[in-house]
Amino acid sequence: MSIEKGPNFLEEIVAEDVKNGKHGGRVLTRFPPEPNGYLHIGHSKSICLNFGLAQEFGGKTNLRFDDTNPVTEDTEYVESIKNDIRWLGFNWANEFYASDYFEQLYECACELIKKGLAYVDDSTAEEIAAMKGTPTEPGKNSPYRDRSVEENLDLFARMRAGEFKDGDKTLRAKIDMASPNMHFRDPLMYRIRHVPHHRTGKKWCIYPMYDYAHGQSDSIENITHSICTLEFEVHRPVYDWFIEKLNIFPSHQYEMARLNLTYTVMSKRKLLQLVNEKHVSGWDDPRMPTLSGYRRRGYTPESIREFCDRIGVARRENMIDVGLLEYFIREDLNKSANRVMVVTDPIKLIIDNYPEGQVELLPGENNPEAEDKGGTREIPFSKELWIERDDFMEEPTKKYFRLGPGLKVRLKHAYILECVSFKKDEAGNVTEIHCNYFPESKSGHDTSGISVKGVIHWVSAAQAINCELRMYDRLFIPEDPSNAEGDFKDHINPNSLEVISNAYAEPELKKAKAGDKFQFVRKGYFCMDPDSTADNPVFNRTVGLKDSWAKEAGKK
RNA sequence: UGUCCUAUGGUGUAAUGGUAACACUGCAGAUUUUGAUUCUGCCUUUCUAGGUUCGAAUCCUGGUAGGACAACCA
């Protein structure tokens, strides 16, 4: 956790509990995902918090799948979740499932029935909703509320035995239909679902509800600090009620604000829609805020952990600038990613006074920011090069210090060039740039005495390898797509992916493997995609470099 | 016209009754064979009205604003 920052409110609570010897000073947290979707960056806040808190105070963390709704859950999700947590860099003490506790939960329910604290209700979903009242009006008691213990026990056993159809009966806690807290108005404990479960198969046809399962699961595992998001705050009295009535281990729930990111949607329901309706290529589409999406995009676990640590934890709603996440991945990759030159929008440059057919191998530092500079590679240099179309301006402005008629520029790792002429097609597009080079200006051996302000990247045409670049931008146009007018999908950015199929890279990139990360000099950080083939290497743009020139140029 | 939660620069988060700070963003400059990185400086902050106190971002009361809660979802 953060060192330079004060402790967050949860660290304070845990520190106080440890100091006071609560639970013998033991700390056990849990991360409780429902296996009905892939983990996203919001989950990583919870993961970093739960695992981080335990690490900080010498405790442990369980992974518990909250699998009480077989309709939406699947082992595919279980596997992806485990994979993503490991990737983020955390190891759980135990892998548990709420479904492991179905039998115990059933027995607890019988106990509550015997205590007169639960009853079988024959009302339909509509009737139950109608009797629930509203936040400002009290509800009404169900006509089945006062069944005898014997009848309830019998009915509940027959529910389990499969004698009733889906929806025919529920088991409800008998609390207070007039409570100002809606969750106290006889919450449902069990519903009938004749649906096989991803782990228990056909063993059960009644499944516990979240409110009945979650707290007891925590309690069964002896969880000391159960952290969840703010929307569960009103559930806490129910959480405590079951624990108290059952007289079991007193786990305690603490709530914190969820993570919201600008230009991002973060609900699994919405992400599932994006996947199902093919707005993205899958859960791991590099535009998705899922951990698998970020991984494919080229984000590192370190950068995400750092992000989660630095955004802090509090109880007020927040909206974090996605630019902060980008800051952390740039910070990480700046130190770790090797540099390589790739021309994304090529234009031919010919050095008139360079010998025909000559090829020089010039050394290039792989990473000036790394401690050992990342070693060097050899970059072929010759008479014909590709340079960036942007790096030539027919009528250069005063502040432009790249190439233009009569202007001099440095080719990175190579020579200084002076532009002597250029050709255009009928449409007026520049097709070819001619330059002379200064042989004594070679990088590292420059005795020319010429000083230039601009440095551009380049690729030797004969040795260039062709590659595909996937240039990603934010998936949504508005800052807060979930609260924008209309459906969130109306606000998808139509230009969130631009594919460049004719980029030229220096031959060094032939060695790249899927997942390898690079800085394409002056362009941004890129990560090789698994879609790559020998003929068509594919690179995802993780994030661009900061670009104060674009800002300057944009001012006009 | 219910219950509960929250309110500190543009965005987050600290300050735990004693000089409002840190990061990001923005702006300006220095350095630079990446208009990157790095470095320096600057801008901008306690929702409001009362009260308690020698002293309030912090405690109390009222107001205002935002959020959560009426799934056989979690």
Side-chain angles (χ1 to χ4, degrees), chain A residues 2 4-8 12 32-34 36 66-69 71-73 121 123-125 128-130 132-139 166-172 179-185 188-193 206-207 209-211 213-214 228-237 255 257 262 268-269 310-321 323-328 330-331 334-335 339 341 364-365 368-369 399-402 409-414 416 441 443-444 446 452-457 519-524 544-553:
Chain A
S2 344
E4 72 279 10
K5 247 165 45 176
N8 65 53
E12 285 181 352
E34 183 188 11
N36 67 346
D66 228 335
D67 55 349
T68 57
N69 182 7
V71 178
T72 57
E73 294 154 6
D121 195 335
S123 307
T124 64
I128 288 175
K132 201 126 206 170
T134 70
T136 52
E137 298 166 81
D166 286 6
D168 278 359
K169 286 180 167 39
T170 57
L171 185 73
R172 299 178 70 179
S179 171
N181 182 340
M182 297 296 289
H183 298 278
F184 253 28
R185 323 247 264 224
L188 267 60
M189 294 165 60
Y190 276 92
R191 76 289 215 184
I192 300 172
R193 283 277 177 280
I206 57 172
Y207 292 96
M209 302 289 291
Y210 170 86
D211 274 326
H214 198 94
C228 62
T229 47
L230 248 26
E231 68 264 30
F232 292 99
E233 185 163 20
V234 282
H235 294 248
R236 191 180 347 123
E255 309 85 19
T262 55
K268 275 196 272 185
R269 200 194 96 248
R310 298 274 279 272
I311 57 175
V313 183
R315 284 175 58 88
R316 68 186 111 152
E317 299 288 332
N318 59 78
M319 175 67 78
I320 291 175
D321 191 337
L324 188 63
L325 216 209
E326 295 175 344
Y327 167 82
F328 285 110
R330 283 196 191 102
E331 183 188 54
N334 177 48
K335 293 191 196 81
R339 273 60 173 171
M341 295 195 288
E365 257 177 11
E369 300 296 323
K399 283 185 180 167
Y400 186 82
F401 37 87
R402 278 116 88 160
V409 79
R410 155 79 63 186
L411 291 178
K412 177 121 182 126
H413 302 306
I416 293 174
S441 66
S443 273
D446 188 351
V452 292
K453 182 113 188 188
V455 178
I456 65 172
H457 60 282
Q519 184 196 99
F520 291 0
V521 174
R522 298 208 302 137
K523 285 287 154 187
L545 256 26
K546 280 216 301 197
D547 189 351
S548 59
W549 166 249
K551 231 179 255 172
E552 178 69 30

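Atoms considered below: every heavy atom in the structure, side chains included; atoms not considered: hydrogens, waters and symmetry mates. Naming convention: chains lettered A, B, ... in sequence-line order (proteins, then strands); numbering from 1 in each chain. If you're wondering where the values come from, they're calculated on a predicted model, not measured in any experiment.
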Between [M] and [N] - [atom1] atom distance, rounded Å:
N	M	atom1	result
B:rC47	B:rA57	C1'	12 Å
B:rA15	B:rU38	P	28 Å
B:rG17	B:rC54	C1'	12 Å
B:rA56	B:rU19	P	12 Å
B:rU45	B:rU33	P	39 Å
B:rC72	B:rG62	P	35 Å
B:rU61	B:rG66	P	23 Å
B:rA7	B:rU48	C1'	11 Å

Sort me out a list of protein N/O and nucleotides 58-60 of chain B N/O pairs below 3.5 Å, or just none if empty.
none

How many Å lie between [atom1] on [X] and [atom2] on [N], as a whole number?
X	N	atom1	atom2	answer
A:R236	B:rU3	CZ	P	17 Å
A:N8	B:rG12	CG	C1'	14 Å
A:E331	B:rU25	CD	P	10 Å
A:R330	B:rC24	CZ	C1'	11 Å
A:E326	B:rA36	CD	P	17 Å

Could I get a table of every N or O pair under 3.5 Å where one atom is in the protein and the other is in nucleotides 70-73 of chain B?
{"unit_1": "B:rC72", "atom_1": "O2'", "unit_2": "A:R193", "atom_2": "NH2", "d": "2.8"}
{"unit_1": "B:rC72", "atom_1": "N4", "unit_2": "A:S123", "atom_2": "O", "d": "3.1"}
{"unit_1": "B:rC72", "atom_1": "N4", "unit_2": "A:A125", "atom_2": "N", "d": "3.1"}
{"unit_1": "B:rC72", "atom_1": "N4", "unit_2": "A:G167", "atom_2": "O", "d": "2.9"}
{"unit_1": "B:rC73", "atom_1": "OP1", "unit_2": "A:R193", "atom_2": "NH2", "d": "3.1"}
{"unit_1": "B:rC73", "atom_1": "OP2", "unit_2": "A:R191", "atom_2": "NE", "d": "3.1"}
{"unit_1": "B:rC73", "atom_1": "OP2", "unit_2": "A:R191", "atom_2": "NH2", "d": "2.8"}
{"unit_1": "B:rC73", "atom_1": "O3'", "unit_2": "A:R191", "atom_2": "NH2", "d": "3.1"}
{"unit_1": "B:rC73", "atom_1": "O2'", "unit_2": "A:N69", "atom_2": "ND2", "d": "3.1"}

For nucleotides 7-10 of chain B, which of its nitrogen or oxygen atoms have a protein nitrogen or oxygen under 3.5 Å away, and what is each distance?
{"unit_1": "B:rU8", "atom_1": "OP2", "unit_2": "A:R316", "atom_2": "NH1", "d": "2.7"}
{"unit_1": "B:rU8", "atom_1": "O4", "unit_2": "A:R316", "atom_2": "NH2", "d": "3.1"}

Can you pull every protein N or O that's under 3.5 Å from an N or O on nucleotides 63-68 of chain B?
{"unit_1": "B:rG67", "atom_1": "O2'", "unit_2": "A:E317", "atom_2": "OE2", "d": "3.1"}

Taking salt bridge (charged side-chain N to carboxylate O under 4.0 Å, His left out) as the test, write out the residues that go with [X], two or more places apart.
X	answer
A:R172	A:D121
A:K169	A:D122
A:D166	none
A:R236	A:E233, A:E255

Categorize [X] for me: base, sugar-phosphate, or nothing, with a 4.0 angstrom heavy-atom threshold over every strand shown.
X	answer
A:M341	nothing
A:N318	sugar-phosphate
A:V71	nothing

Determine the minimum heavy-atom distance between [X] and [Y], stating which atoms define it.
X	Y	result
A:D66	A:E34	O-CG, 3.4 Å
A:S441	A:I416	OG-N, 2.8 Å
A:V409	A:G454	CG2-O, 3.4 Å

- request: Please list, chain by chain and in numerical order, all residues satisfying ring pair (Phe, Tyr, Trp, His ring centres under 6.0 Å) with A:H214, sequence neighbours excluded.
  value: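 In terms of ring pair (Phe, Tyr, Trp, His ring centres under 6.0 Å), with neighbours along the sequence ignored, A:H214 is linked to A:Y210.
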message: Just verifying a value: how many Å separate A:T170 OG1 and A:I128 CD1, rounded to the nearest 0.5 Å?
response: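 That separation rounds to 4.0 Å.
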task: Starting at the 5' end of nucleotides 30-35 of chain B, put B wherever the base has a protein heavy atom under 4.0 Å, S where only the sugar-phosphate does, and a dash everywhere else.
output: ---BBB
- prompt: Once Watson-Crick and G-U wobble pairs under 3.5 Å are found, how is RNA chain B written in dot-bracket notation, 5' to 3', with | for any base paired to another strand?
  reply: .((((((..((((....[..)))).(((((.......)))))....(((((..]....))))))))))).....
- request: State whether A:R315 places a side-chain N or O below 4.0 Å from either non-bridging phosphate oxygen (OP1 or OP2) of B:rC5.
  value: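 Answer is no, no contact under 4.0 Å.
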message: Just to verify, what does A:N334 make a side chain to side chain donor-acceptor pair (under 3.5 Å) with, not counting sequence neighbours?
response: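 A:R339.
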message: If you go through the side-chain atoms of A:H235, does one of them form a donor-acceptor pair with the base of B:rA74 closer than 3.5 Å?
response: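 Answer is yes: a donor-acceptor pair is held.
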